[in-house]
Asker: 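Can you keep this structure in mind? I'll have questions shortly.
It should be emphasised that the depicted structure is a prediction, and the values quoted were computed from it without experimental measurement. To find a chain, count down the sequence lines: A is the first, B the second, and so on, and within it residues start at 1.
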Number of protein chains: 2
Amino acid sequence: MTDRPLQEPTLLLLTALADEPRHGYGLIQEIDAISQGRVRMRTGTLYGALDRLLQQGLIQVEREEIVDGRARKVYALAEAGRSVLAAEAERLRAVVDEAERRLAGHRAPATRPKGALA
Amino acid sequence: MTDRPLQEPTLLLLTALADEPRHGYGLIQEIDAISQGRVRMRTGTLYGALDRLLQQGLIQVEREEIVDGRARKVYALAEAGRSVLAAEAERLRAVVDEAERRLAGHRAPATRPKGALA
DNA sequence: ACATCATATGCCGGTCACCGATATATATAG
DNA sequence: CTATATATATCGGTGACCGGCATATGATGT
């Protein structure tokens, strides 16, 4: 399946769905808020990613509704998406920790015995 | 330019250079260590990324040397690369924090069979 | 009446980072 | 003498993301 690391827009999408279900346009706004206005997700990215994540089973359409005459699809994080997001967050945190440790000047021994590579 | 968020292989590359200069193959091994063996960077990704990062001024060739009859290029993190990595780490940490915060305040979605629809 | 912004979904062409394979070369271990 | 580790490099393909465009309604402004 998709063992590949998530790119940031996708990571933000799953994060925006982690607390409650939202519809497409609401996700754009939520991502804008999460990133302190630094990320404006394009609709091209959004709906493409939504389709992809649906197909991968990481999210699901919770319901469809009509608000003020405008149709909405409300997406929810699926179980699979929840665990993928958790794993991804844990992995990324480790990398970020390591980056900041090294930038701070502490040389944490990441050294391993020779021949560790298969 | 480098306004776009770094992808993970690139992030790992800069991280691997953050404590000391390394040559190409050494970077593959270091990234293997940092990621606890989870990421095996391909040479196609590595040398392509190295060229790109050189051109962006995020890294530089510190020296070239010959060890045991094999040529090496030793790369070092440039000042620009150091600040980009720092900014990227800070940004990613915020996203990861937010993701874990939302996951912890768990709101499990109704696991509905497909076909259920409003 | 007309314009324009905010809301809302969706498609399509292009770009580029990454992947996998391949090529080349030396040193060491079996 | 063959395989593995070390070491650099190129190339074609894939796919996520970007930017632009199309479409439609409701609210606000002039």
Asker: Look at the side-chain N and O atoms of A:R72 and state whether any lies under 4.0 Å from the OP1 or OP2 oxygen of C:dA8.
Answerer: yes
Asker: Base, sugar-phosphate alone, or nothing: which one does B:G24 contact when heavy atoms must sit under 4.0 Å apart?
Answerer: sugar-phosphate
Asker: What's the CD-P distance between A:E8 and D:dC18, to the nearest Å?
Answerer: 10 Å
Asker: Looking at the side chain of A:K73, which of C:dC18, C:dG10, D:dA7 is the nearest nucleotide?
Answerer: C:dG10
Asker: Between D:dT6, D:dC18, D:dT10, spot the one nearest the side chain of A:P9, thanks.
Answerer: D:dC18
Asker: When you measure from the side chain of A:R70, which nucleotide among D:dT25, D:dA5, D:dC17 comes out closest?
Answerer: D:dT25
Asker: Separation of B:E65 atom CD from D:dT8 atom C1', in whole Å?
Answerer: 14 Å
Asker: Of the nucleotides D:dT25, D:dG19, D:dA9, which has the atom closest to the B:T43 side chain?
Answerer: D:dA9
Asker: Does B:E65 pair with B:R72 as a salt bridge, N-O distance under 4.0 Å?
Answerer: yes
Asker: Give the rounded distance in Å between these two atoms: OH of B:Y47 and P of D:dT8.
Answerer: 4 Å
Asker: Rounding to an integer number of Å, can you tell me how far B:L53 CG sits from C:dA17 P?
Answerer: 9 Å
Asker: Taking B:A16's backbone N and O only, do any of them form a donor-acceptor pair with B:R22's side chain (distance below 3.5 Å, no angle check)?
Answerer: yes
Asker: For the CD atom on A:E90, are there more than 12 heavy atoms of other groups (residues, nucleotides or ligands in this structure) within a distance under 6.0 Å?
Answerer: no
Asker: Counting only side-chain heavy atoms from C-beta out, which of D:dT6, C:dG10, C:dT7 sits nearest to A:Y75?
Answerer: C:dG10
Asker: Just the rounded figure in Å: distance from P of D:dA9 to CG of B:L50.
Answerer: 8 Å
Asker: Would you mind reading off the distance between A:L46 atom CG and D:dC17 atom P, rounded to a whole angstrom?
Answerer: 11 Å
Asker: Does A:Q29 reach a base, just sugar-phosphate, or nothing at all? Heavy atoms under 4.0 Å.
Answerer: sugar-phosphate
Asker: Which whole-number value in Å describes the distance from B:L27 CG to D:dA9 P?
Answerer: 12 Å
Asker: Nearest-Å distance, CE (A:M41) to P (C:dT9)?
Answerer: 14 Å
Asker: Consider the side chain of A:Q7, meaning its heavy atoms from C-beta on, and name the nucleotide among D:dC17, C:dG10, C:dC18 that approaches it most closely.
Answerer: D:dC17
Asker: For a quick test of reading the model: is some side-chain N or O of B:R52 closer than 4.0 Å to OP1 or OP2 of C:dC18?
Answerer: yes
Asker: Both B:V67 and A:R42 contact DNA chain D. Which one's nearest nucleotide lies toward the 5' end?
Answerer: B:V67
Asker: Identify whether the distance between the nearest side-chain nitrogen and carboxylate oxygen of B:R93 and A:D97 falls below 4.0 Å.
Answerer: yes
Asker: Got a donor-acceptor contact below 3.5 angstrom from the B:T10 side chain to the B:L6 backbone?
Answerer: no
